[in-house]
Number of protein chains: 2
Amino acid sequence: MTEKDIQHIRDFNRFYTNIIGLVDNHILNSAYSLPEARVLYELFHHQPCTASTIMTSINMDKGYLSRVLKSFEKKGLLARKQSKEDGRASTLVLTAKGSKEFESINQASASQIKELLSRLSPGQIKEAIEHMGQLKEILSKASL
Amino acid sequence: MTEKDIQHIRDFNRFYTNIIGLVDNHILNSAYSLPEARVLYELFHHQPCTASTIMTSINMDKGYLSRVLKSFEKKGLLARKQSKEDGRASTLVLTAKGSKEFESINQASASQIKELLSRLSPGQIKEAIEHMGQLKEILSKASL
DNA sequence: ACTTTTAGTTGACAAAATCAACTATTTATG
DNA sequence: CATAAATAGTTGATTTTGTCAACTAAAAGT
């Protein structure tokens with residue numbers, strides 16, 4: 001691995017940080033903050049699960065997460081019940097309202113990506129997705 | 001662009017957000033915060049420049065930036081002099097110490113990337129970099 | 001000349017994130 | 001079994017990060 005390689009990688013990281021920033025900032029116009037949106041995403045995809053599951057999957061501080069979950073419960077997005085296997089934990093499930101909220105910001109996020117890519121041709125989009133897929137595949141072997 | 005396309009893109013975004021998070025968290029073990037490191041990077045590469053230049057290149061609030069610059073000056077990393085062309089602006093230049101600090105965190109960041117990729121073969125690394133390059137090229141046409 | 005922009009600073013504040021202390025369970029260990 | 005250690009989650013205090021608006025001063029536009 002040469003210095004130039006590293007330079008390229010860091011250059012891409014900076015570039016992609018900006019892209020992600022664009023997408024993220026758009027989400028911020030919704031009723032939910034970025035961390036909230038992330039938690040909502042994880043809840044939707046892992047439910048029923050515990051707070052620990054969420055915590056490790058997005059590497060969020062447990063105190064912080066606890067508050068986010070409390071706010072979700074207060075807004076009626078989330079239902080908790082005592083876990084039967086573990087008396088310390090609660091089982092988390094989104095309510096109908098919670099799922100609906102997730103779908104809503106998920107939809108908004110999708111259409112923002114559509115808009116971002118609207119200047120690309122179908123061929124370019126296909127190419128880009130292929131690069132993403134292969135990049136992910138390669139890098140998955142490296143992380144962890 | 002199909003729903004599946006969008007799904008892939010968002011999946012990659014989540015994946016890469018994690019990668020970047022890994023890299024960023026590592027930098028945070030230095031004496032500089034993430035925003036500080038970014039400003040230092042921009043200073044190093046754009047100097048001599050004005051605060052405005054930095055501001056637009058990393059999209060940072062001018063108030064926030066002003067404070068970061070002030071702290072850099074206080075630590076002796078940054079020298080300001082009145083711009084001759086524009087009486088409102090100052091020309092920013094890193095001091096020797098500032099450059100040294102930049103080199104130091106830059107070096108640390110590079111070796112962290114090396115470590116992250118240490119499990120990949122040279123061929124895989126080359127492939128990954130190629131995908132990055134092409135992805136960037138395609139997406140550059142889309143943003144803005 | 002005057003209005004409007006732009007560069008930068010500052011204060012007040014809000015949001016995001018971290019840390020440590022604490023309770024209550026569960027698991028491990030002698 | 002007893003009790004020590006680890007884990008799940010909550011809460012309070014605090015720090016870091018980021019935003020917003022008001023302000024000064026210089027520059028540019030009309």
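Just so it is clear: chains get the letters A, B, ... in the order the sequence lines come, proteins before strands, and each one is counted from 1.
B/Ile138 has its side chain within reach of A/Leu120: a pair of non-hydrogen atoms, C-beta onward, lies under 4.5 Å apart. A/Pro122 is not listed as a side-chain neighbour of B/Met1, based on a closest heavy-atom distance of 4.5 Å or more.
Residues B/Leu92 and B/Asn25 both approach DNA chain C. Their nearest nucleotides, taken by heavy-atom distance, put B/Leu92 toward the 5′ side.
At a cut-off of 3.5 Å, with distance as the only test, a side-chain donor of A/Ser109 or B/Arg10 sits close to an acceptor on the other residue. No side-chain donor-acceptor contact under 3.5 Å links B/Asn106 and B/Tyr41.
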Return a table of donor-acceptor pairs under 3.5 angstrom between the side chains of residues 61-69 of chain B and protein atoms on other chains or two or more places apart.
{"from": "B/Asp61", "atom 1": "OD2", "to": "B/Gly63", "atom 2": "N", "distance (Å)": "2.9"}
{"from": "B/Asp61", "atom 1": "OD2", "to": "B/Tyr64", "atom 2": "N", "distance (Å)": "3.0"}

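Here the P atom of nucleotide C/dG8 and the CG atom of B/Leu78 are 12 Å apart, to the nearest Å.
Using a 4.0 Å heavy-atom cutoff across all strands shown, B/Ser83 reaches no nucleic acid atom at all.
By the 4.0 Å N-to-carboxylate-O rule, A/Lys136 lies close enough to B/Asp11 to be salt-bridged with it. Contact check on A/Glu42 versus B/Arg14 returns no salt bridge, with no Lys/Arg side-chain nitrogen under 4.0 Å from an Asp/Glu carboxylate oxygen.
For A/Phe12 and B/His131, the distance between ring centers is not under 6.0 angstrom.
One finds a side-chain N or O of B/Ser52 lying less than 4.0 angstrom from the OP1 or OP2 phosphate oxygen of C/dA7.
Of the residues in residues 54-75 of chain A, A/Lys62, A/Gly63, A/Ser66, A/Arg67, A/Lys70 come within less than 4.0 Å of DNA chain D through at least one heavy atom, sorted by number.
Note that the first and last nucleotides of DNA chain D, 5' to 3', having any atom under 4.0 angstrom from a heavy atom of chain A are D/dA6 to D/dA13.
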